Amino acid sequence: MAKMETISVNAYAKVNFTLDILGRTGGYHRLDSLVCTVGLSDSVTAVRRADGRCFVAIEGLDADALPRANNAVRAAEAFFSAFGGGGAEIRIVRSVPVGAGLGSSSADAAGVLKALALLYGIADMGAVKRIADTLGSDTGYLLTGGWARMTGRGEQIEPLADMPLLWLLLILPHTGMDTAACFAEYDRRGESFSPCTQESIDRLRAGRLSPKCFSNALTQAACARNADIARALETVHAVSAYGGGMTGSGSACYAVFAEEAACLAARASCPKDMTALCVPTVP
């Protein structure tokens, strides 16, 4: 069989429908989160090289804001360190904003690992996931995506079946949110919230779509540091009877709809200084 010379994959964004914080272990927050990938993605293309060298070129949305040693670069370096190979030319075209809680840099790292594993015929995806887990809390999950429950630091993944197709109005403030700063604000406030992930899973599986399905323990901390998130959430609750919330540590927020037409109609109500996108969940 001829070797594949080029592989292209989509690196999907994710939305946290719940985010419970259960405490801290070893300096990290212990999480319990219901997540799903959504129809917004970066594209990752890897071309085989024979000289053992690896180059990563990134263009598109927020490309200039990324550090030179970003997660995609680290992913490629870690892959070749673990598995060897002849090298690769990697091109990433970005559409997922950074600082939005959509898993942007983790998605790129997962996309690089997935593309290189396909390019070089690596079948041991457990080994690939172990690399991914060193690159960010969401990276291992984003190797596969879909509906899942993430626990621990985010490295423990339970895929979920029998979950609904949802349409989301993503509202993207033009100001981002720093994840570390958001968690630090959460710790400073000393608040605690009742876990809701299991209840959300049960409600969604039973078709009982309601605002009770969506919750994020970081919301108040994020709003305290970024007023645009509070404005986006006001729109969320104004346009959808099913509610919604903030994903990750923000700044992106989402309103939930059962049908595409309702999602598209609600987009006209979004603040003009924020980007609004209608996307489905991607199982």
Side-chain angles (χ1 to χ4, degrees), residues 12-21 31 33-42 61-62 65 94-107 138 166-186 189 191 193 196 200 204 209-282:
Y12 287 100
K14 58 83 185 174
V15 162
N16 299 85
F17 292 107
T18 67
L19 199 161
D20 299 329
I21 299 177
L31 309 178
S33 180
L34 173 62
V35 292
C36 191
T37 36
V38 299
L40 174 66
S41 64
D42 296 347
L61 183 66
D62 293 337
R94 296 182 42 80
S95 298
V96 182
V98 299
L102 294 166
S104 172
S105 65
S106 294
D138 300 321
L166 301 177
W167 280 89
L168 308 180
L169 179 63
L170 288 183
I171 304 173
L172 309 174
H174 292 168
T175 51
M177 186 71 216
D178 179 78
T179 297
C182 187
F183 274 97
E185 179 68 18
Y186 171 87
R189 296 167 70 90
E191 298 168 327
F193 302 89
C196 63
S200 178
L204 287 170
L209 189 60
S210 79
K212 292 183 178 180
C213 296
F214 314 109
S215 177
N216 187 328
L218 291 173
T219 300
Q220 293 182 22
C223 288
R225 296 188 65 92
N226 186 338
D228 285 341
I229 297 174
R231 290 178 55 227
L233 287 170
E234 289 176 1
T235 301
V236 164
H237 298 303
V239 300
S240 175
Y242 300 124
M246 181 185 79
T247 178
S249 56
S251 60
C253 299
Y254 62 92
V256 178
F257 300 87
E259 298 176 350
E260 181 183 13
C263 186
L264 290 169
R267 187 167 58 182
S269 300
C270 289
K272 301 306 179 186
D273 61 338
M274 299 185 187
T275 300
L277 304 172
C278 291
V279 298
T281 50
V282 176

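The structure displayed is predicted, hence computed values, not measured ones.
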Arg231 and Asp273: CA distance, side-chain angles, deciding distance, side chain to side chain contact (heavy atoms under 4.5 Å, CB included) verdict: CA-CA 11 Å; Arg231 290 178 55 227; Asp273 61 338; 3.1 Å; yes

Side chain to side chain contact (heavy atoms under 4.5 Å, CB included) between Arg94 and Ser104, worked out: CA-CA 9 Å; Arg94 296 182 42 80; Ser104 172; 2.7 Å; yes

Distance, nearest 0.5 Å, that separates OG of Ser41 from NZ of Lys14: 15.5 Å

Interatomic spacing from OG in Ser249 to CD in Glu185 - rounded to 0.5 Å: 12.5 Å

From CD1 (Ile171) to OG (Ser251), nearest 0.5 Å: 11.0 Å

Side-chain donor-acceptor contact under 3.5 Å, Asn226 with Thr175: yes

Exceeds 12 heavy-atom contacts within 6.0 angstrom, atom CD of Glu191: yes

Inter-residue atom distance Leu170.CG - Thr247.OG1, 0.5 Å rounding: 8.5 Å

Plane angle bin for Phe17 and Phe214 - parallel if under 30°, tilted between 30 and 60°, otherwise perpendicular: tilted

Test item: Ser33 side-chain N/O and Val35 main-chain N/O as donor-acceptor pair under 3.5 Å: no

Worked verdict on Leu34 versus Asn16 for side chain to side chain contact (heavy atoms under 4.5 Å, CB included): CA-CA 6 Å; Leu34 173 62; Asn16 299 85; over 6 Å; no

Side chain to side chain contact (heavy atoms under 4.5 Å, CB included) between Met274 and Asp228, worked out: CA-CA 9 Å; Met274 299 185 187; Asp228 285 341; 4.1 Å; yes

Rounded distance [0.5 Å steps], OG1 in Thr179 versus CG in Asp138: 8.5 Å

Polar side-chain atom of Asp62 near backbone of Val98 as donor-acceptor pair, under 3.5 Å: yes

Backbone of Gly103 reached by a side-chain donor or acceptor of Ser106 within 3.5 Å: no

Thr281 side chain vs Leu166 backbone, donor-acceptor pair below 3.5 Å: yes

Distance, nearest 0.5 Å, that separates SG of Cys278 from CG of Leu168: 9.0 Å

Enclosure of Phe193 CZ (heavy-atom neighbours >12, cutoff 6.0 Å): yes

Flag side-chain contact, heavy atom, 4.5 Å: Asp20 against Leu31: no

